[in-house]
Amino acid sequence: MRTTDFVVTLFQGKSNPNYLTVGVVMGLNALKQGHSATIVLMVEAVELGQPGATKGIDIGAPFAEVSGQLEEYLSLGGQVCICNACLLHNGFAPQDMDPRFELIDAPSVVTLLMGAKSSLQLT
């Protein structure tokens, strides 16, 4: 895990596509403004760490489909971290997750948040 300027923490998964969309949009905009950004998937949002999990999630205009925005976010150097304890608690295994995403523990989440210039928590 590397330090970051802006942290978006998502707690809800596919059940709330609005939060997912806004989280990715904000992370992407931070990168486009020259900041580093990390999206942290916690609680139910860990399901979004599976490969292809965001495909087809589209809340409509003026927002674009999430999967394409997430790919742009990653291509611009955005980081996605998954809470390992939340992952296990929700019945997933590390090998179920996108290999581009990093598993982190609770102390690392605190370190990430304390070192960031700003954060957005979507619960």
Side-chain angles (χ1 to χ4, degrees):
M1 173 199 63
R2 60 185 186 267
T3 59
T4 193
D5 296 332
F6 183 64
V7 176
V8 175
T9 308
L10 294 171
F11 294 89
Q12 296 183 29
K14 294 178 184 180
S15 66
N16 197 325
N18 290 322
Y19 285 4
L20 168 60
T21 301
V22 169
V24 173
V25 166
M26 292 301 135
L28 180 57
N29 277 278
L31 292 172
K32 288 180 175 180
Q33 291 178 20
H35 306 287
S36 57
T38 300
I39 295 172
V40 180
L41 305 177
M42 298 188 75
V43 192
E44 294 167 5
V46 297
E47 72 179 353
L48 301 168
Q50 298 173 93
T54 62
K55 285 197 189 306
I57 297 176
D58 188 344
I59 63 171
F63 298 100
E65 191 261 341
V66 171
S67 192
Q69 291 183 91
L70 183 58
E71 288 304 318
E72 183 178 5
Y73 171 85
L74 292 167
S75 74
L76 292 175
Q79 177 176 240
V80 176
C81 295
I82 303 169
C83 171
N84 192 52
C86 298
L87 173 102
L88 298 172
H89 178 75
N90 282 283
F92 295 102
Q95 61 268 24
D96 297 332
M97 299 296 117
D98 189 315
R100 299 173 294 176
F101 302 168
E102 184 177 345
L103 297 181
I104 59 173
D105 57 17
S108 298
V109 171
V110 173
T111 299
L112 190 64
L113 287 168
M114 296 304 292
K117 295 177 182 174
S118 186
S119 67
L120 174 67
Q121 282 100 43
L122 298 166
T123 60

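Residues: numbered from 1 along the sequence shown. Only heavy atoms go into these numbers, but all of them, side chains included; no hydrogens, no water, no symmetry mates.
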**OP:** Please answer whether the main-chain N or O of Ala64 pairs with a side-chain N or O of Gln69 as donor and acceptor at a distance below 3.5 Å.
**Re:** yes
**OP:** To the nearest 0.5 Å, tell me how far Phe6 CZ sits from Met26 CE.
**Re:** 7.5 Å
Original post:
How far does OG of Ser119 sit from CE of Met114, to the nearest 0.5 angstrom?
Top reply: 10.0 Å
Subject >> Check: Ser108/Asp105 side-chain N/O donor and acceptor closer than 3.5 Å >> reply: yes
Original post:
Among Leu74, Leu28, Val24, which residue meets the side-chain contact (heavy atoms from CB on, under 4.5 Å) test with Ile39?
Top reply: Val24
Original post:
From Met97 CE over to Glu102 CD, what is the distance, rounded to the nearest 0.5 angstrom?
Top reply: 14.5 Å
**OP:** Compare every heavy atom of Pro51 with every heavy atom of Asp96, then report the nearest pair and how far apart it is.
**Re:** O-CD, 3.2 Å
Original post:
Is any side-chain heavy atom of Val109 less than 4.5 Å from a side-chain heavy atom of Met42?
Top reply: yes
**OP:** Mind checking the CG-CG spacing from Leu41 to Asn90? Nearest 0.5 Å is all I need.
**Re:** 11.5 Å
Original post:
Hey, what do you get for OG1 (Thr54) to CD (Glu71), rounding to the nearest 0.5 Å?
Top reply: 7.0 Å
Original post:
Is there a donor-acceptor pair under 3.5 Å between the side chain of Glu65 and the backbone N or O of Gly68?
Top reply: yes
Original post:
For Ser36 and Thr3, which heavy atoms make the closest approach, and how far apart are they?
Top reply: OG-O, 4.3 Å
Original post:
Distance-only, no hydrogens or angles: does the Tyr73 side chain make a donor-acceptor pair with backbone N or O of Gln79 under 3.5 Å?
Top reply: yes
